[in-house]
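See structure below.
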Amino acid sequence: MRSLLSIALCMLVGWGGSLLGLPLTYMFGAIAAMIIAHRLKVDVSIPKHSLTIVQIVLGSSVGLMVKGLQGEAAQDILLLLPSLLICLGLQFGIGYLWFNRKLGWSREESMLGAVPGAMAAVLAISEHTQTPPQKVVISHAIRLVILIIIAGVITGLNPPPATEHVPYSDELNVHIFSFATLGMVGWLLLIAAGGYFSGRLLERMHVPAPYMLTSLVVAISMHYLTDRMLTVPDFLSFLSMTLIGMRIGRYFTAFSISMLIQNIWASVQAVFVSMLVTVLVALVTAHIMGYPVDLLILAWAPGSMEAMLFAAMAMKVNVGIIMSSHIIRMILLHAIPAVALFFRRRKQ
């Protein structure tokens with residue numbers, strides 16, 4: 001009961017922020033609520049299996065996006081795939097060196113902090129590897145804030161048409177839609193059940209973020225078995241944003257103010273290094289292949305798919321390429337660390 005009241009309180013704060021037109025208010029509202037409750041000595045309880053719920057919702061959301069991609073985008077993304085992989089590799093490699101050599105983080109902290117996005121997967125892997133997550137969480141939260149600001153500036157300079165509906169949601173990669181029919185609910189329950197029970201099998205093999213991987217695969221498979229355009233309901237999107245915001249807020253409360261400021265500054269440096277890599281690779285690729293550089297920057301930004309899609313629609317560039325690129329990025333970031341840690345554990 002205390003957990004339900006805590007969730008309701010955090011969601012209420014997020015709902016209040018949404019009335020002001022702020023982005024990602026359910027996540028950032030939960031973070032703020034957790035910090036304020038900690039300062040007021042109020043005990044806020046986080047559900048035990050909250051990260052499992054977040055993984056299933058995020059994996060399902062990304063998997064359900066695959067069917068909606070346009071054919072032209074698939075051809076373009078194949079041409080851009082080598083550059084995307086190079087960009088991801090450079091983002092991770094240079095970010096790791098910056099955290100490890102420049103900022104003095106441990107190898108495990110540097111690896112998790114350098115991952116370009118996918119905060120929920122990083123949280124799950126940090127728990128699996130027993131890596132202290134505070135620095136890592138701050139780094140990813142700051143990256144998300146900066147990318148949202150960038151998207152907001154771009155959108156402000158290029159306001160979308162008044163008649164166009166723009167979906168907007170979480171870095172944690174959650175798309176906001178609505179559902180109306182009982183049949184759609186049945187398909188979503190099948191996806192959730194399939195992702196959960198197959199995820200338990202992976203969990204027994206000590207694969208980190210297992211429910212996210214299995215939900216993603218099940219969602220892709222189920223979506224192609226029906227003619228319906230399945231989407232994750234609004235409430236689950238808001239709930240998952242709130243739950244991950246509560247976990248992030250709990251990590252933030254473990255820091256003193258001075259250490260928090262110190263780690264925020266370190267994270268800002270790393271984010272700008274990652275964005276600089278993205279811009280340079282985009283400039284080179286645009287020069288060689290003739291694609292617009294602003295399109296490539298939005299497609300290869302290290303996180304916040306929905307914020308980048310929002311900016312893309314405002315700029316009237318190819319949304320399909322941007323969505324495809326971010327889906328590939330999220331699939332790789334969810335799968336590669338899990339597979340690598342699995343084989344490392346077996347070798348040990």
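The structure presented is a predicted model; accordingly, all values stated were derived computationally and were not measured.
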| remark: Between I53 and the options L243, L236, I244, the side-chain contact (heavy atoms from CB on, under 4.5 Å) test singles out L243
| message | I'd like to know if the side chain of R329 reaches the main chain of A299, judged simply by a donor and an acceptor atom lying under 3.5 Å from each other, with no hydrogens or angles considered. | response | no
| query | Which of these, F99, Y96, W98, sits in a ring-ring contact (aromatic ring centres under 6.0 Å, His included) with W105? | reply | F99
| request: Count the heavy atoms belonging to other residues, nucleotides or ligands that lie under 6.0 Å from CE of M34, then report whether that count exceeds 12. | output: yes
| Residue pair M246 / S50, side-chain heavy-atom distance below 4.5 Å | no
| request: Check the pair M27, T242 against side chain to side chain contact (heavy atoms under 4.5 Å, CB included), reporting the backbone distance first and the verdict last. | output: CA-CA 5 Å; M27 186 181 73; T242 300; over 6 Å; no
| field | Distance, nearest 0.5 Å, that separates SG of C10 from CG of L5 | value | 11.0 Å
| query | Which heavy atom of A33 sits nearest a heavy atom of V13, and at what distance? | reply | CB-CG2, 4.2 Å
| So, H140 side chain and L112 main chain: donor-acceptor pair closer than 3.5 Å or not? | yes
| said: Is it true that S274 and R143 share a donor-acceptor pair across their side chains at a distance under 3.5 Å? | reply: no
| said: Under a 3.5 Å distance rule, please check whether S240 uses its side chain to pair with a backbone N or O of S237 as donor and acceptor. | reply: yes
| Step by step, would you call T52 with Y196 a side chain to side chain contact (heavy atoms under 4.5 Å, CB included)? | CA-CA 8 Å; T52 300; Y196 175 74; 4.3 Å; yes
| Quick one: CG on L51 to CD1 on I56, what's the gap to the nearest 0.5 Å? | 10.5 Å
| In terms of hydrophobic clustering (I, L, V, M, F, W, Y; side-chain heavy atoms under 4.5 Å; direct or indirect links), are M241 and L4 co-clustered? | no
| task | Measure the shortest side-chain to side-chain distance between I191 and L64 over non-hydrogen atoms and say whether it is less than 4.5 angstrom. | result | yes
| said: Would a single hydrophobic cluster contain both F28 and L9, if residues Ile, Leu, Val, Met, Phe, Trp and Tyr are joined by side-chain heavy-atom contacts under 4.5 Å? | reply: no
| field | pair L188-S60: side-chain heavy atoms closer than 4.5 Å | value | no
| S6 and S45 side chains, donor-acceptor separation under 3.5 Å | no
| field | Heavy-atom pair with the smallest gap, counting every atom of I7 and P47 | value | CD1-CG, 3.4 Å
| remark: Closest non-hydrogen contact found for V218 with G194 is CG2-C, 3.9 Å
| Are L298 and M289 linked, directly or through other ILVMFWY residues, by side chains that come within less than 4.5 angstrom of each other? | yes
| said: Testing the 3.5 Å rule here: is there a donor-acceptor pair between the side chains of Q55 and S215? | reply: no
| task | Supply the atom-to-atom distance M222 CE to L189 CG, rounded to the nearest 0.5 angstrom. | result | 11.0 Å
| request: Side-chain contact test, heavy atoms from C-beta onward, threshold under 4.5 Å: evaluate it for T214 versus F197 and give yes or no. | output: no
| task | For side chain to side chain contact (heavy atoms under 4.5 Å, CB included), just list the numbers for L80 and L296, CA-CA rounded to whole Å, side-chain angles, deciding distance to a tenth of an Å, and then say yes or no. | result | CA-CA 9 Å; L80 291 170; L296 299 180; 3.9 Å; yes
| For the atom pair CG (L81) and CG (D76), what is the distance rounded to the nearest 0.5 Å? | 12.5 Å
| message | Using a 3.5 Å distance criterion without hydrogens, assess whether the side chain of H38 forms a donor-acceptor pair with backbone atoms of D43. | response | no
| said: Please say yes or no: joined through hydrophobic side-chain contacts below 4.5 Å, possibly via intermediate residues, are I288 and W300 part of one cluster? | reply: yes
| request: Give the minimum heavy-atom separation between L332 and L85, together with the two atoms involved. | output: CD1-CD2, 3.6 Å
| Are T25 and W15 close enough that some pair of their side-chain heavy atoms sits under 4.5 Å apart? | no
| task | Mind running side chain to side chain contact (heavy atoms under 4.5 Å, CB included) on L239 and Y26 for me, showing each step along the way? | result | CA-CA 8 Å; L239 176 63; Y26 285 90; over 6 Å; no
| task | Keeping the roles fixed (side chain from R250, backbone from G245), state whether a donor-acceptor pair exists under 3.5 Å. | result | no
| field | 4.5 Å side-chain heavy-atom contact, N100 and E109 | value | no
| message | Looking at S221 and V217, would you say the former's side chain and the latter's main chain have a donor-acceptor pair under 3.5 Å? | response | yes
| message | Is the shortest side-chain heavy-atom distance between S3 and I46 below 4.5 Å? | response | no
| field | pair Y211-V54: side-chain heavy atoms closer than 4.5 Å | value | no
| note | On a heavy-atom basis, the closest approach of T278 and A301 is CG2-N, 4.1 Å
| note | Rounding to 0.5 Å, atoms CD1 (I36) and CG (L40) come to a distance of 7.5 Å
| In Å, rounded to the nearest 0.5 Å, how long is the span from CG of L190 to CG of L225? | 10.0 Å
| query | Looking only at heavy atoms, which two atoms of V281 and C87 are closest? And how far apart? | reply | CG1-CB, 3.9 Å
| field | Cluster link L280 to L295, ILVMFWY, side chain under 4.5 Å | value | no
